[in-house]
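Everything below concerns the one structure shown next.
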Amino acid sequence: MTPIKGITEQEEILNTLINQKADCYKLVVTLKMQNETTEADEVKKKALVLSATIDDLLGKSMDEWVVDTNALLNDLTIVNNEIKAAIDQINKALKTAENVVKFLKNIDKVIDIASKILL
Amino acid sequence: MRQNNIRMIIAIPLAASVLLTLLGCPKANPKPFIQFSESIQELRTGADAALTINDEENQERFIEQTAAASLTSEGADVINNLMLTTDPRDPFAWHMEKTPLFMKSQSFRSGVYTLNTALVKYAELLKELSSPELLSTEQFDDLTKDLNANLGSASTSLGIKDAGKELAIFSVAATEILHTYLEKQRKDALLEALKENHDNLQELAKRMQHAVRLATSNLNQNYTDESGKLIEILADPKTKDLNKKKDQVRKLVEINQRYVHRIAVMQALHESYAALPRVNSDMIKLVENPKFGASTLKEIFENGKHLKNLHDELVKAEKPDGDTKEGEK
C-alpha cells in the first residue's frame, strides 16, 4: 500500500503499534477458542501494555503539535491584522471623502452668508 | 477667470478618470470568497466534532482502565494519579503525576480549534474585502449628490451662472476617481493578502493534515480497544446462547459501521485541508483575471458540503434523540 503523503516516522510507529494491538486482540480470541486461557490472558496483558504505550505516544505527538503550531498561529494573526488594516484604510478614505463633502457644505454656508452681506 | 479655474478643476479629474478607466480595474467577484468562508467554517465544525468524540471516548477509556487497574495489586500508582497536587509557591498551579490522554487530547482539540479560527478569520476578512458593500454604489451616489448640491449652491451664491452642469460633471468625475482608486486599492490589498499568506496556508495545510492523521490514529486506538473487548466476549466458549451471540455480533457490526463513517469524515477533512494551498493559488488567479475558472474553489465548496452531510449523519448516529449511546460504552 502507498504511504499517505506527509506521514512522519513517529506516526508510522504509532499506527504499527495500533495494528499490533489489534493482532493481540485477535490472538486472544484464537487462544480462547482453543481453550488456551492462560496464554490468552498473557497476550491480553500485552495488548493492555501496548494500549498504554500508544496512549503515551499519542499524547506526546499531540503536545508536540500544539507547541509547533504556535509560530504559525502568530504569522496568521499578523496577516489577518494586515487585511483588517487594509479594510480600515478603505473605510477611512471613504470617511475622509464624506468629511470633505461636509467641509464643503460648511464653506458653502459661509459663502452664502457672506454673499448676502455683500449684496 | 472663475469660469476658467472651474474648467481646469473639471479637466484634471476627468483626465485622471479616463486614465484609471483605461488602466482597467474590474471589481473583485465576492462569490468565491463567500464560498471559501463557508467551507472553512464547515471544516472547523467538522474537525471540532470529530475531535470531541475522540475526547469523550478517551475519557471513558481512562475511567474504565483506571477502575480495572484499581482491582489489581499494581493499582496503587494509577489510583494515586487521580489526586491532583499543587505547587507551594503557586496556589493556582495544579499537577498530575501522569497526564491522561483525554486531557492532552482536549488541549490538542483546543489548539486545532484556535488555528482553524485564525483560518476562519482570514476567510471572513477576505470576504469582507471583496464584498460590494465595502465600496457600495449607493455610497458613491450619495457622495456625488452631496457634492453636487454643495457646489451648485455655492456657485449660485457667488453669482456664477451656468456653472451647475460643469460642476456636476466635476463631482461625478471626482467620486468616480475615488471609487476607481479605492477599487484598485481593494484589489491590490486582496492580492497582497492572498500572496503574502500563501506560504502560511501551505504550512497550515500540512499541520492540519497532520492533526487529522493524529486524530485518526486516536480514533483507531479507541476503536481497537472497544472492538477487541467485544470480540473477546464473543469468543467466550462458556456462552452457548445463540441469541446472546447474535446481539454481540450485531453490536460489533454497528461499531464497525460507525467507525467506517468516522474514518470517512477524517478522510474528507484530510482532503479538504490538502486542497487549501491550491484554493489560495486559484483565488490569486481569479483576482488577477475574473474570467479564470477556478475548479478548486468548487472542489473545496463541495468538500465542505460533503463534510457537513457526513458530520450531520455522524451527530445523528452518535446522539440519537440527543443522548449519547451509553449502552455501548
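Letters A, B, ... are given to chains in the order of the sequence lines, protein chains preceding strands, and every chain is numbered from 1.
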Below 4.5 Å, heavy-atom pairs only: which of [options] has the largest tally toward chain B?
{"options": "A:Lys26, A:Gln89, A:Lys60, A:Lys21", "answer": "A:Lys21"}
{"options": "A:Asn35, A:Ile7, A:Asn91, A:Thr77", "answer": "A:Ile7"}
{"options": "A:Leu94, A:Ile78, A:Thr69, A:Asp56", "answer": "A:Leu94"}

Would you check if the side chain of B:Gln221 reaches a backbone N or O of A:Ser51 as a donor-acceptor pair within less than 3.5 Å?
->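 Answer holds: yes.
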Take atom [atom1] of [X] as the centre, draw a 6.0 Å sphere, and report whether it contains more than 12 heavy atoms from other residues, nucleotides or ligands.
{"X": "B:Glu97", "atom1": "CD", "answer": "no"}
{"X": "A:Met33", "atom1": "CE", "answer": "no"}
{"X": "B:Phe62", "atom1": "CZ", "answer": "yes"}

Find the distance between [atom1] ([X]) and [atom2] ([Y]) and round it off to the nearest 0.5 Å.
{"X": "A:Asp75", "Y": "B:Asn197", "atom1": "CG", "atom2": "CG", "answer": "8.5 Å"}
{"X": "A:Asn81", "Y": "B:Leu125", "atom1": "CG", "atom2": "CG", "answer": "8.5 Å"}
{"X": "A:Ile87", "Y": "B:Leu129", "atom1": "CD1", "atom2": "CG", "answer": "5.0 Å"}
{"X": "B:Thr114", "Y": "A:Leu73", "atom1": "OG1", "atom2": "CG", "answer": "6.5 Å"}

Please state whether the side chain, the backbone, both or neither of [X] comes within less than 4.5 Å of a heavy atom of chain B.
{"X": "A:Lys5", "value": "backbone"}
{"X": "A:Asn15", "value": "side chain"}
{"X": "A:Val29", "value": "both"}
{"X": "A:Leu14", "value": "side chain"}

Check: [Y] and [X] side chains under 4.5 Å, non-hydrogen atoms:
{"X": "B:Lys104", "Y": "A:Val66", "answer": "no"}
{"X": "A:Asp68", "Y": "B:His210", "answer": "no"}
{"X": "A:Lys84", "Y": "B:Glu128", "answer": "no"}
{"X": "B:Thr99", "Y": "A:Asp63", "answer": "no"}
{"X": "A:Glu64", "Y": "B:Phe108", "answer": "no"}
{"X": "B:Asn58", "Y": "A:Asp55", "answer": "no"}
{"X": "A:Leu76", "Y": "B:Lys121", "answer": "no"}

Heavy-atom pair count under 4.5 Å with chain A, highest-scoring of [options]:
{"options": "B:Ala193, B:Ala189, B:Ala118", "answer": "B:Ala118"}
{"options": "B:Lys98, B:Gln65, B:Met103, B:Glu192", "answer": "B:Lys98"}
{"options": "B:Pro237, B:Ser217, B:Ser227, B:Ser105", "answer": "B:Ser217"}
{"options": "B:Ser110, B:Ala235, B:Ala274, B:Ala68", "answer": "B:Ala235"}

Would you name the heavy atoms of [X] and [Y] that are closest together and state the gap between them?
{"X": "A:Tyr25", "Y": "B:Ile231", "result": "O-CD1, 4.1 Å"}
{"X": "B:Met208", "Y": "A:Trp65", "result": "SD-CZ2, 4.1 Å"}
{"X": "B:Leu101", "Y": "A:Gly59", "result": "CD1-N, 3.6 Å"}
{"X": "B:Thr224", "Y": "A:Ile18", "result": "OG1-CG2, 3.9 Å"}

Is chain A contacted by the side chain of [X], its backbone, both, or neither, given a heavy-atom distance below 4.5 Å?
{"X": "B:Thr216", "result": "neither"}
{"X": "B:Lys206", "result": "neither"}
{"X": "B:Glu232", "result": "both"}
{"X": "B:Glu124", "result": "neither"}

Could you tell me whether A:Lys32 and B:Asp236 make a salt bridge, using a distance below 4.0 angstrom between a side-chain N and a carboxylate O?
->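 Result for this pair is no, no salt bridge flagged.
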